[in-house]
K.L.:
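Structure in structure tokens, see below.
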Amino acid sequence: MIALIQRVLEARVTVGERSVGAIGPGLLALIAVERSDTSANVTRMVERLLGYRVFPDDEGRMNRSLIDTGGGLLLVSQFTLAADTAKGTRPSFTPAAAPDVAEELFNEVVALARSRHACVETGEFGAEMNVSLVNHGPVTFRLTA
């Protein structure tokens with residue numbers, strides 16, 4: 001499982017004209033499920049998303065996590081993160097999980113995150129979404145689980 005996280009001042013997902021998820025300060029996490037992923041990857045990814053220290057402490061060092069700050073978490077499915085781009089000029093999506101498996105595991109991420117954190121929003125699985133954000137820092141990390 002892959003997550004591209006960005007520390008944001010705000011982030012929003014729309015589908016067409018409809019807003020489906022929005023947060024203020026916190027993390028935007030673009031999530032890709034790979035073929036070999038299981039529920040164990042879900043658990044580890046949620047631990048990492050909520051516990052990864054990317055927010056500044058009083059001295060300006062990245063020592064605080066989303067749990068520490070109480071910020072929002074916006075989860076957006078993005079299978080393209082699982083692309084194999086090693087050869088050629090067109091990505092291969094062979095490493096990505098099949099859509100039905102990916103949706104099931106993505107929904108597990110959402111449910112587990114919501115059971116452990118107060119402010120969790122999502123995009124809409126499989127939809128063509130528009131994601132807008134104000135990256136704070138900028139701070140962006142790639143996490144795997």
Side-chain angles (χ1 to χ4, degrees), residues 1-56 62-145:
M1 189 168 284
I2 302 166
L4 185 71
I5 62 169
Q6 297 183 66
R7 187 176 73 189
V8 298
L9 294 176
E10 62 183 53
R12 173 177 313 283
V13 178
T14 57
V15 175
E17 299 298 317
R18 183 172 46 97
S19 177
V20 295
I23 61 169
L27 289 179
L28 166 65
L30 305 173
I31 307 285
V33 179
E34 296 178 289
R35 288 189 181 276
S36 61
D37 288 340
T38 66
S39 292
N41 299 94
V42 168
T43 300
R44 179 67 179 133
M45 182 56 75
V46 171
E47 289 169 354
R48 298 201 79 202
L49 290 170
L50 298 178
Y52 211 68
R53 297 182 300 166
V54 299
F55 297 96
M62 287 188 197
N63 274 328
R64 299 182 73 213
S65 68
L66 199 58
I67 293 290
D68 297 328
T69 65
L73 176 61
L74 179 55
L75 300 168
V76 178
S77 63
Q78 181 148 4
F79 79 96
T80 60
L81 284 174
D84 178 356
T85 60
K87 299 187 273 187
T89 58
R90 184 170 184 236
S92 167
F93 297 107
T94 303
D100 57 332
V101 173
E103 184 173 18
E104 181 179 323
L105 291 175
F106 178 77
N107 287 339
E108 282 185 36
V109 169
V110 172
L112 186 57
R114 284 183 170 155
S115 75
R116 296 182 178 185
H117 193 68
C119 181
V120 177
E121 296 283 326
T122 69
E124 187 174 301
F125 190 92
E128 185 168 317
M129 297 174 273
N130 293 314
V131 180
S132 59
L133 66 131
V134 177
N135 189 318
H136 183 220
V139 172
T140 303
F141 292 99
R142 183 179 187 269
L143 303 179
T144 58

K.L.:
Using a distance-only test with no angle check, is there a side-chain donor-acceptor pair under 3.5 angstrom linking Gln78 and Thr80?
P.N.:
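Yes, side-chain donor-acceptor contact under 3.5 Å.
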
K.L.:
Please confirm whether the backbone N or O of His136 pairs with a side-chain atom of Arg7, one donor and one acceptor, at under 3.5 Å?
P.N.:
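Judged by distance alone, yes, a pair lies under 3.5 Å.
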
K.L.:
Ile31 versus Met1: any side-chain heavy-atom pair under 4.5 Å?
P.N.:
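The answer is yes; the side chains approach within 4.5 Å.
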
K.L.:
Can you measure from CZ (Arg53) to CD1 (Ile67) and round to the nearest 0.5 angstrom?
P.N.:
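If I round to the nearest 0.5 Å, the distance is 14.0 Å.
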
K.L.:
With rounding to the nearest 0.5 angstrom, report the CZ to OG1 distance, Arg48 to Thr43.
P.N.:
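The distance works out to 14.0 Å.
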
K.L.:
Flag the pair Arg35 / Pro95 as yes when at least one side-chain heavy-atom distance between them is below 4.5 Å, and no otherwise.
P.N.:
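No; the side chains remain at least 4.5 Å from each other.
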
K.L.:
When you measure from the side chain of Arg64 to the backbone N and O of Asp68, does any donor-acceptor pair fall under 3.5 Å?
P.N.:
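Checking the backbone N and O of Asp68 against the side chain of Arg64, a donor-acceptor pair under 3.5 Å is found.
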
K.L.:
Can you find a pair of side-chain heavy atoms, one from Thr14 and one from Val20, that are under 4.5 Å apart?
P.N.:
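They are not in side-chain contact.
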
K.L.:
Answer whether the closest heavy-atom distance between the side chains of Ile5 and Leu49 falls below 4.5 Å.
P.N.:
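Side-chain contact under 4.5 Å: yes.
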
K.L.:
Please name the pair of heavy atoms, one in Val76 and one in Leu28, separated by the smallest distance, quoted to 0.1 Å.
P.N.:
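Heavy atoms only, the tightest pair is CG2-CD1, 3.8 Å.
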
K.L.:
Would Phe141 and Val139 satisfy side-chain contact (heavy atoms from CB on, under 4.5 Å), going step by step from the backbone distance to the final call?
P.N.:
CA-CA 7 Å; Phe141 292 99; Val139 172; 3.4 Å; yes

K.L.:
Quick one: closest heavy-atom pair of Ala32 and Leu81, and the distance?
P.N.:
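Distance-wise, the nearest heavy atoms are CB-CB, 3.6 Å.
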
K.L.:
Any chance you could measure Glu34, atom CD, to Thr144, atom OG1, to the nearest 0.5 Å?
P.N.:
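With rounding to 0.5 Å, CD (Glu34) is 8.5 Å from OG1 (Thr144).
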
K.L.:
Measuring from Ser65:OG to Leu50:CG, what's the distance to the nearest 0.5 Å?
P.N.:
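Result: 8.0 Å between the selected atoms.
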
K.L.:
With no hydrogens and no angle check, is any side-chain donor or acceptor of Asp37 less than 3.5 Å from a backbone partner on Val33?
P.N.:
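Pair absent, no side-chain N/O of Asp37 close to backbone of Val33.
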
K.L.:
For Leu74 and Ala22, which heavy atoms make the closest approach, and how far apart are they?
P.N.:
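Heavy atoms only, the tightest pair is CD1-N, 4.4 Å.
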
K.L.:
Going from OG on Ser77 to CD on Glu124, what distance comes out if it is rounded to the nearest 0.5 angstrom?
P.N.:
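Between atom OG of Ser77 and atom CD of Glu124 there are 9.5 Å.
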
K.L.:
Apply side-chain contact (heavy atoms from CB on, under 4.5 Å) to the pair Tyr52 and Leu66, showing each step before the final yes or no.
P.N.:
CA-CA 7 Å; Tyr52 211 68; Leu66 199 58; over 6 Å; no

K.L.:
Check step by step if side-chain contact (heavy atoms from CB on, under 4.5 Å) holds for Ile2 and Leu143.
P.N.:
CA-CA 6 Å; Ile2 302 166; Leu143 303 179; over 6 Å; no

K.L.:
State, with a plain yes or no, whether a side-chain heavy atom of Asn41 is found less than 4.5 Å away from one of Met45.
P.N.:
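Result no, sub-4.5 Å side-chain heavy-atom pair not found.
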
K.L.:
Would you sort out whether Ile23 and Val120 count as a side-chain contact (heavy atoms from CB on, under 4.5 Å), showing the intermediate values?
P.N.:
CA-CA 8 Å; Ile23 61 169; Val120 177; over 6 Å; no

K.L.:
Let me confirm one number: the CD-CG distance from Glu17 to Asn130, rounded to the nearest 0.5 Å.
P.N.:
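So the gap between those two atoms works out to 9.0 Å.
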
K.L.:
For a quick test of reading the model, state the closest non-hydrogen atom pair linking Ala145 to Arg44 and the distance between them.
P.N.:
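Taking every non-hydrogen atom into account, CB-CG, 3.7 Å.
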
K.L.:
Side chains of Thr140 and Asn135: is there a donor and an acceptor less than 3.5 Å apart?
P.N.:
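Per modelled atom types, Thr140 and Asn135 side chains form a pair under 3.5 Å.
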
K.L.:
Indicate yes or no for a side-chain donor-acceptor contact from His117 to the backbone of Gly71 under 3.5 Å, with no hydrogens or angles considered.
P.N.:
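Here the side-chain-to-backbone pair exists.
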
K.L.:
Looking at Arg12 and Glu121, does any basic side-chain N land under 4.0 Å from a carboxylate oxygen?
P.N.:
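Salt bridge: no.
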
K.L.:
For residues Thr94 and Asp84, determine if any side-chain heavy atom of one lies less than 4.5 Å from a side-chain heavy atom of the other.
P.N.:
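Not in contact.
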
K.L.:
side-chain contact (heavy atoms from CB on, under 4.5 Å) with Val13: which of Val131, Leu75, Leu133?
P.N.:
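So the option named by the test is Val131.
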
